[in-house]
Chemist: 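Starting off with a structure, shown below.
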Amino acid sequence: MTAPWPPAPADHPFGIHNLPYGILTTTEDPARRIGVAIGDHVLDVSPVAQATRSDHAVLLDAPNLNPLMAAGRSVWTTVRAEITAWLTDPDYRDIVRPRLIPRRNARLHLPFEVGDYVDFYSSEHHAGNVGSIFRPGGPPLPPNWKHLPIGYHGRSGTVVVSGTDIVRPSGQRLVPGESLPAYGPCLRLDIEAEVGFVVGTGTRFGDPVPLGAFRDHVFGVCLVNDWSARDIQAWETVPLGPFLAKSFATSVSPWVVPLDALAHAWVDPPARDVDPLPYLDDRKAEPGALDLEIEVALNHHTISRPPFRTMYWTAAQQLAHMTVNGASLRTGDLYASGTVSGPRADQRGCLLELTWNGRDMIELPDGSLRTFLEDGDEVAITASAPGPDGTRVGLGEVTGRVVPTRG
Ligand code: CA
């Protein structure tokens with residue numbers, strides 16, 4: 001069947017104003033290659049770049065997004081304009097149409113080779129709830145929390161694309177009431193709904209990235225599920241933070257939405273009651289916070305709607321902090337926001353908070369009850385942002401199903 005023209009209605013979440021990048025294969029052609037989502041199709045960009053004699057044909061003929069991401073902001077902007085022209089100018093229609101693949105026929109892969117992976121902890125509501133759960137009666141936030149975006153280095157080699165099954169991790173955990181730890185399958189497997197920022201251009205070893213240079217380095221945005229083994233985490237985490245409770249898997253969405261698609265989504269960050277140090281002071285700096293509306297579904301039932309704009313620390317502040325000591329960036333570095341939780345109980349981004357560490361059950365439409373994840377459970381995190389003229393920019397989804405432990 002011939003693909004429609006234009007390839008997407010104006011109000012489609014993958015409309016012409018979005019153009020997210022991914023990596024696809026098809027049954028007919030198993031070579032990994034760059035695709036751009038448009039409506040219900042994916043544009044196979046490399047043959048179009050070649051047929052139109054694009055200056056960027058070499059960058060677009062790649063098995064991952066890294067060469068394009070390394071090329072820098074002016075190239076990102078030019079390539080985006082070029083792809084927009086291919087999908088709108090009737091002169092290109094006969095070249096483009098045969099290269100539109102129905103999205104259901106495209107298998108999507110990890111879109112970029114992941115460099116370093118950092119995970120932050122930047123929602124005040126999430127950090128406050130976690131503090132209240134584990135340190136009842138004490139101050140909900142640690143004393144450093146409003147002075148710096150807390151984070152840790154995760155494991156980039158286990159970042160997997162949406163749709164990858166998640167094997168329930170095993171490990172050491174101290175079962176409540178016992179005096180010694182036991183080894184076994186995680187009993188409190190959780191999710192964390194987060195937003196990921198993908199680094200395009202790296203930095204020189206020793207150079208910090210100031211707040212204002214955020215757009216020069218960050219290529220785009222994806223969704224992240226930071227799977228978390230709460231019982232393993234509780235036993236191992238003092239004093240150096242999470243280790244095996246997080247490193248077994250981190251899922252990302254297959255589409256990287258370019259920053260240029262999010263031009264209508266910037267808003268002021270929430271008011272802060274502690275003045276940040278100058279390198280984190282964004283009161284006169286662009287950009288601010290991103291207004292993404294996130295939805296978390298467990299077995300196709302919505303359990304939460306976390307608002308990303310309520311995050312205390314922004315992505316630009318996280319990048320500035322992550323590099324303030326001179327730690328260099330590489331193409332493909334990924335940093336995640338931390339669990340996104342809003343002020344309301346139905347805006348919490350993990351089961352730990354939604355069930356208050358297992359105290360409150362979640363009832364699913366089939367009548368079954370959950371505190372933490374059971375084998376076979378499937379989690380989907382979706383999001384969208386404001387686009388031009390009342391449209392929405394879709395970020396797609398990150399999904400994953402829990403399968404039984406192998407250990
Ligand atoms: Ca996290």
Side-chain angles (χ1 to χ4, degrees), residues 114 116-134 140-142 144-145 148-160 162 164 166 169 171 186 188-198 221-238 240-253 290 292 294-296 298 303-304 306-308 310-315 317-319 321-322 333-342 347-355 357 372-373 379-381 383 395 398-400 402:
V114 185
D116 285 296
Y117 167 51
V118 163
D119 190 22
F120 283 96
Y121 187 58
S122 291
S123 157
E124 183 176 2
H125 307 289
H126 171 70
N129 286 335
V130 171
S132 301
I133 289 169
F134 290 119
L141 298 175
N144 56 2
W145 202 91
L148 53 83
I150 291 177
Y152 67 95
H153 282 90
R155 191 169 186 87
S156 53
T158 50
V159 174
V160 296
S162 172
T164 305
I166 303 302
C186 169
R188 294 183 169 229
L189 185 58
D190 199 354
I191 55 141
E192 292 189 337
E194 307 196 15
V195 176
F197 294 84
V198 186
V221 176
C222 63
L223 295 173
V224 174
N225 185 348
D226 174 25
W227 303 91
S228 299
R230 298 298 182 199
D231 43 358
I232 296 171
Q233 186 179 357
W235 172 238
E236 76 175 4
T237 210
V238 176
L240 286 185
F243 185 42
L244 302 177
K246 302 277 193 175
S247 64
F248 59 96
T250 306
S251 299
V252 295
S253 55
L290 268 178
L292 309 180
I294 303 172
E295 195 168 310
V296 184
L298 174 54
I303 56 171
S304 178
F308 190 60
T310 62
M311 299 295 277
Y312 188 91
W313 296 106
T314 69
Q317 288 174 315
Q318 290 170 336
L319 187 70
H321 185 64
M322 197 166 94
D333 284 358
L334 169 68
Y335 66 98
S337 59
T339 308
V340 184
S341 292
Q347 296 176 327
R348 294 170 178 164
C350 66
L351 295 172
L352 174 74
E353 290 170 86
L354 286 165
T355 70
N357 199 21
F372 292 94
L373 296 174
V379 175
I381 301 167
L395 276 81
V398 55
T399 68
V402 179

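Predicted model, so just to flag it, every value in this text is computed and none were measured. Counting starts at 1 for both ligands and their atoms, following the listed order. The residues of the chain are indexed from 1 along the displayed sequence.
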Chemist: What N/O/S atom of D226 is the closest to the Ca ion (ligand 1)?
Modeler: OD2

Chemist: Counting C-beta onward and ignoring hydrogens, is there a side-chain heavy-atom pair between Y117 and T250 closer than 4.5 Å?
Modeler: yes

Chemist: Please give the atom name: the N, O or S atom of E192 nearest to the Ca ion (ligand 1).
Modeler: OE1

Chemist: Take atom OH in Y152; do more than 12 heavy atoms of anything else shown fall under 6.0 Å from it?
Modeler: yes

Chemist: Can you find a side-chain donor-acceptor pair between Q318 and S122 that sits under 3.5 Å?
Modeler: yes

Chemist: For N357 and R188, does a side-chain donor sit closer than 3.5 Å to a side-chain acceptor?
Modeler: yes

Chemist: Rounded to the nearest 10 degrees, what's the angle OE2 of E194 makes with OD2 of D119 at the Ca ion (ligand 1)? Could you check?
Modeler: 100°

